[in-house]
There are 2 protein chains.
Amino acid sequence: MPRTLKSFALDSVDREIIEVLLHDARISMKDLANKVKLSAPSVSERVERLQERGVIRRFTIEVDPASLGYDLQALVRIKPLPGKLQVVQKLIEDTPEFSECSKVTGNDCFIARLHVFTISQLDQILDRISRSAELNTSIVKAQTIRNRLPPF
Amino acid sequence: MPRTLKSFALDSVDREIIEVLLHDARISMKDLANKVKLSAPSVSERVERLQERGVIRRFTIEVDPASLGYDLQALVRIKPLPGKLQVVQKLIEDTPEFSECSKVTGNDCFIARLHVFTISQLDQILDRISRSAELNTSIVKAQTIRNRLPPF
DNA sequence: GATGAAACGTTCAGAGC
DNA sequence: GCTCTGAACGTTTCATC
């Protein structure tokens with residue numbers, strides 16, 4: 001049986017709060033309170049508890065890499081050569097152009113997202129890593145879903 | 001030549017503002033102003049301009065899927081069967097458990113991130129898609145980098 | 001880009017359900 | 001336990017320089 005929502009004690013108001021904050025994290029507690037039909041202090045307290053419980057990890061901004069000139073985005077599957085796992089992991093972490101990296105099961109070991117200005121910059125970064133790993137690179141043509149929250 | 005920062009007219013103060021907001025998007029304009037050694041109205045205006053220019057896409061919260069019970073995360077490479085591209089894309093979009101989906105070059109067509117409660121739920125979702133596409137699924141064991149912003 | 005005043009939002013104590 | 005009210009306190013905004 002899938003775990004139910006009850007076991008996390010998130011009621012419908014908490015869910016509404018999260019939905020609203022996902023779209024506008026700087027909304028005033030007063031306006032948020034109006035939306036969920038509660039008083040400002042109550043909502044403020046709920047938001048604090050959601051943070052304490054780790055449901056809300058942080059308040060942040062979504063920055064558009066393209067607006068900073070990062071016109072090229074790639075997803076790279078990375079399979080370290082025997083004995084090179086630690087080296088490769090550190091290499092990825094030390095390359096700031098990687099914005100995401102997941103350690104996964106299967107034939108690959110890491111799947112990482114890379115943002116660069118140009119193809120030659122991509123080439124440079126991948127050449128460096130390919131000394132320690134087998135790579136499989138896919139250029140991102142479009143992002144059809146971004147940062148969507150599953151139902152809860 | 002890689003595009004320089006000048007062409008985007010982001011000065012060092014704008015960069016500082018973005019760095020701070022990435023970590024705390026609810027900081028008051030007054031405190032943010034102190035950090036970057038400017039007055040509150042000036043900073044407020046800069047933040048507005050960054051939004052208008054699309055550098056800041058939105059103010060949002062980072063929600064921890066695990067805290068909602070989503071204990072299982074997978075990255076799925078999806079290669080639609082001939083003529084099934086549209087069907088598959090719609091299927092992914094209509095499955096709310098997919099939190100991200102990138103359309104990519106290469107042998108696969110989509111690479112998508114999936115959040116589920118249980119293995120059997122994963123099985124169900126993938127079975128449905130596998131009628132229209134070849135799948136290659138990797139379970140995420142750890143996320144070593146998350147939502148990092150490349151240098152700018 | 002800064003200042004200062006007015007408008008607005010948040011927080012806290014106290015009380016009620 | 002969770003919520004509300006009202007007043008004190010802090011923040012944002014706007015006109016002005």
Side-chain angles (χ1 to χ4, degrees), chain A residues 2-64 67-69 149-152, chain B residues 4-70 149 151-152:
Chain A
R3 215 178 285 197
T4 60
L5 296 168
K6 270 230 169 78
S7 57
F8 297 96
L10 272 203
D11 64 15
S12 66
V13 177
D14 285 330
R15 271 176 269 160
E16 248 187 293
I17 288 174
I18 288 170
E19 294 290 353
V20 173
L21 290 178
L22 278 170
H23 288 95
D24 177 12
R26 274 191 81 92
I27 190 174
S28 73
M29 289 300 121
K30 197 181 167 235
D31 289 349
L32 180 52
N34 283 338
K35 278 189 195 270
V36 305
K37 311 280 183 209
L38 278 172
S39 69
S42 304
V43 169
S44 182
E45 208 184 303
R46 275 170 181 264
V47 171
E48 270 172 35
R49 277 208 314 274
L50 287 169
Q51 287 182 265
E52 282 161 13
R53 285 156 58 191
V55 178
I56 296 177
R57 210 185 268 135
R58 60 172 174 163
F59 287 79
T60 186
I61 50 174
E62 211 180 278
V63 175
D64 176 22
S67 79
L68 301 175
L149 193 65
F152 61 103
Chain B
T4 60
L5 297 169
K6 271 226 169 79
S7 59
F8 297 97
L10 271 203
D11 65 13
S12 66
V13 176
D14 285 332
R15 271 177 268 159
E16 248 186 294
I17 288 173
I18 288 170
E19 294 290 352
V20 173
L21 290 178
L22 278 170
H23 288 95
D24 176 13
R26 274 192 82 93
I27 190 174
S28 74
M29 289 299 122
K30 193 181 171 240
D31 291 348
L32 179 52
N34 283 338
K35 279 190 195 268
V36 306
K37 311 279 182 209
L38 250 68
S39 69
S42 304
V43 169
S44 181
E45 208 184 302
R46 273 171 182 265
V47 171
E48 271 172 34
R49 278 209 312 275
L50 286 168
Q51 287 182 265
E52 281 162 13
R53 286 157 59 191
V55 178
I56 296 176
R57 211 184 268 134
R58 60 170 175 167
F59 287 80
T60 187
I61 50 174
E62 211 179 276
V63 174
D64 176 21
S67 79
L68 301 176
Y70 285 97
L149 192 65
F152 61 104

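Letters A, B, ... mirror the listed sequences (proteins, then strands); counts begin at 1. Because the structure is a prediction, the values reported are computed rather than measured.
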Nearest heavy atoms of [X] and [Y], plus distance in Å:
X: A:Asp64; Y: B:Gly54; answer: CB-O, 3.3 Å
X: B:Glu19; Y: B:Phe152; answer: OE2-CE2, 3.8 Å
X: B:Val55; Y: A:Ser67; answer: CA-OG, 3.2 Å

Figure out the [atom1]/[atom2] separation between [X] and [N], and round it to whole Å.
X: B:Asp24; N: D:dT11; atom1: CG; atom2: P; result: 13 Å
X: B:Asn34; N: D:dG10; atom1: CG; atom2: P; result: 14 Å
X: B:Met29; N: C:dG9; atom1: CE; atom2: C1'; result: 14 Å
X: A:Glu48; N: D:dT3; atom1: CD; atom2: C1'; result: 15 Å
X: A:Arg46; N: D:dT3; atom1: CZ; atom2: C1'; result: 9 Å
X: A:Ile27; N: D:dT12; atom1: CD1; atom2: P; result: 15 Å
X: A:Lys30; N: D:dT5; atom1: NZ; atom2: P; result: 13 Å
X: A:Asp31; N: D:dT12; atom1: CG; atom2: C1'; result: 13 Å

Can you tell me if [X] touches the phosphate of [N], counting only side-chain N or O atoms and a distance under 4.0 Å to OP1 or OP2?
X: A:Ser39; N: D:dT3; value: no
X: B:Ser42; N: C:dA2; value: yes
X: B:Arg26; N: C:dT10; value: yes
X: B:Ser44; N: D:dT13; value: yes

- Message: Strictly distance-based, threshold 3.5 Å: is any side-chain N or O of B:Arg58 a donor or acceptor partner for the main-chain N or O of A:Leu22?
- Response: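 It does hold such a pair.
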Of all the nucleotides listed ([options]), which has the minimum atom distance to the side chain of [X]?
X: B:Pro41; options: D:dT13, D:dT12, C:dT11; result: D:dT13
X: B:Ser28; options: C:dG4, D:dT12, D:dT3; result: D:dT12
X: B:Leu38; options: C:dA2, D:dT11, D:dC14; result: C:dA2

- Give A:Glu45 one of three labels, base, sugar-phosphate or nothing, depending on what nucleic acid heavy atoms sit under 4.0 Å from its own.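 It contacts base atoms.
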- Message: Using 0.5 Å steps for rounding, measure from the OG atom of B:Ser28 to the CZ atom of A:Arg26.
- Response: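 Output value for this atom pair is 7.5 Å.
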